[in-house]
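Let me begin by presenting the structure, written as structure tokens, before commenting on it.
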Amino acid sequence: MSKYDTYFLMKENEVPEYVQTKYPGYFPPDAKLEVKEIGDGNLNYVFRVVDPATGKSIIVKQAGEALRISAEMHVSTDRNRIESEILILQDKYAPGLVPKIYGYDTTMCACTMEDLSDHALMRYALMRHETFPRFAEDIATFMVNTLLMTTDVVMEHKEKKALVKSFINPELCEITEDLVLMEPYNDLNHRNNVFPPIADFVRKELYEDDALKLEVAKLKFDFMNNAQALLHGDLHTGSIFVKQDSTRVFDPEFAFFGPIGYDTGNVIANLIFAWDNGRAAGAEEFCDWCLRTIREVIDLFRVKFMDCFEKNAREPMAKVPGFAEWYLDSIIRDTASYCGTELHRRTVGMANVKDVTTIADPEKRAHAEKVNIISGKDFIMNAASFRTGEDFVAAVLRADGKA
Ligand code: SR1
Ligand code: MG
């Protein structure tokens, strides 16, 4: 019998014994390990364990039964298994772009992984208006390699269906279905966080726009039914670590087989939140970098996608001339649509982003939020007209002029 035969949520002072028991030899047996809970997300607990004598460290991420963002919300701790398994898979398709997983414990719902404390959490680094020259290249590579390689274009169809089954993630998907693809448009569960100065604007532009709601309803059904590729599922700047010469994507607990545009759209929307913050602070060079990066992410994604398609497509019907271009255009259209829903939900929904909520001047914050709402509507309502990186940048600047 071990004390880890039954699940319990660990406290900081219980983690050293856990690591020494489960990963003997990683640290010297007599190491005086120091632990700090550094989790910043809405769901889990993240413990950084350090041996001060050697500087060696490790991360233990444990799923709690209740979510950190709300004690009333409970989701299966199986999300931790999904996260470990997908990180191992993503490391195969996009080596060097995710943290290394050392082990996963199904009873304690804890995975142990490489410590990336020499990197910064991208959202906070962007809020300090730091820029990252490798980001567009790395994230485009990550998305093309993890997404296109897990579609029916490349993957053997029975192997893909087996993966669809193992990555079925109903409870985490339900969070997205509610928080992203419904509540920003009707506040059905009365938990939206609307910035009071723009409450009337939100009512008119989101809650009372039936044409918009129809498009979002279609997107919700696409999200639920289009098992196109194995998504990260929550690819925002709080799920990415960066430093000047490295990018690492983590936290894929929302992973499931869904529409590729959900991941790509999330990345673009979160770069727009960074731009919002820079715009409010008058950080012009930073804003230029954000727009340049939006442009590059889309354009590099297009180029890398076609290259990867050409090299790896195995499905005979996908090789029919014209299919690759049609498929990519449909993904860029979805990118625009889900960029729009992410802009909306982070502005008025339950889970907001600090890039925007920390804008201290109420007028500047209201302006940023209106830009998100107006551009989000443009992305959703005119999704099929978005093709190039420049199209995405132009929508942000158009909204900035109208807000
Ligand atoms: C209830 S969880 C709220 C949000 O946090 C996660 O990171 C996802 O983005 C989710 O929608
Ligand atoms: Mg997360």
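What's counted below: heavy atoms across the whole structure, side chains too, no hydrogens, waters or symmetry copies. Atoms within each ligand, like the ligands themselves, are counted from 1 in listed order.
The atoms of ligand 1 that sit less than 4.0 Å from any heavy atom of Ile69 are 1 (C). Set against the non-hydrogen atoms of Ala351, the atoms of ligand 1 under 4.0 Å away are 3 (C), 4 (C). Each of the atoms 1 (C) of ligand 1 lies under 4.0 Å from some heavy atom of Leu67. Atom numbering of ligand 1 starts at 1 in the shown order; those under 4.0 Å from a heavy atom of His236 are 7 (O). Below 4.0 Å from some heavy atom of Leu179 lie the following atoms of ligand 1, by number and element: 3 (C), 11 (O).
Arg314 has no carboxylate O lying under 4.0 Å from a charged side-chain N of Glu156, or vice versa, which leaves the two without a salt bridge. Salt bridge present: Arg79 and Glu253 bring a charged side-chain N and a carboxylate O closer than 4.0 Å. The residues Arg134 and Asp245 are annotated as not salt-bridged, no charged nitrogen and carboxylate oxygen being separated by less than 4.0 angstrom.
Here the heavy atom of the protein found nearest to atom 6 (C) of ligand 1 is Asp234 OD2, 3.3 Å. With hydrogens left out, the protein atom closest to atom 10 (C) of ligand 1 is Phe254 CZ, 3.8 Å, a heavy atom. Scanning the protein for heavy atoms near atom 2 (S) of ligand 1, the closest one is Leu43 CD1, 3.4 Å. Counting protein heavy atoms only, atom 4 (C) of ligand 1 is closest to Asn42 ND2, 3.4 Å. Of all protein heavy atoms, the one lying nearest to atom 11 (O) of ligand 1 is Arg345 NH1, 2.8 Å.
A 6.0 Å sphere centred on NZ of Lys3 holds more than 12 heavy atoms belonging to other residues, nucleotides or ligands. Within a 6.0 Å radius of CD in Glu284, other residues, nucleotides and ligands contribute 12 heavy atoms or fewer.
Here Thr335 contributes atom OG1 and Arg333 contributes atom CZ; the two are 9.5 Å apart, rounded to the nearest 0.5 Å.
Within the 4.5 Å cutoff, no side-chain heavy atoms of Phe241 are placed close to those of Asp251. Side-chain contact between Lys354 and Tyr124: present, with at least one pair of heavy atoms (C-beta onward) separated by less than 4.5 Å. You'll find the side chain of Leu147 stays beyond 4.5 Å of the side chain of Phe305, heavy atoms only.
Of all the heavy atoms of Asp251, none lies under 4.0 Å from any atom of ligand 1, so neither backbone nor side chain is involved. When non-hydrogen atoms are compared, ligand 1 lies under 4.0 Å from neither the backbone nor the side chain of Thr176.
Of all protein N/O/S atoms, those lying under 2.8 Å from the Mg ion (ligand 2) come to 1.
Residue-ligand proximity: Arg346 is placed with a non-hydrogen atom under 4.0 Å from ligand 1.
The distance between the ring centers of Tyr26 and Tyr102 falls below 6.0 angstrom.
Ring geometry for His129 versus Phe286: interplanar angle of 30 to 60°, hence tilted.
No hydrogens or angles considered: nothing links the side chains of Tyr262 and Asn226 as a donor-acceptor pair under 3.5 Å.
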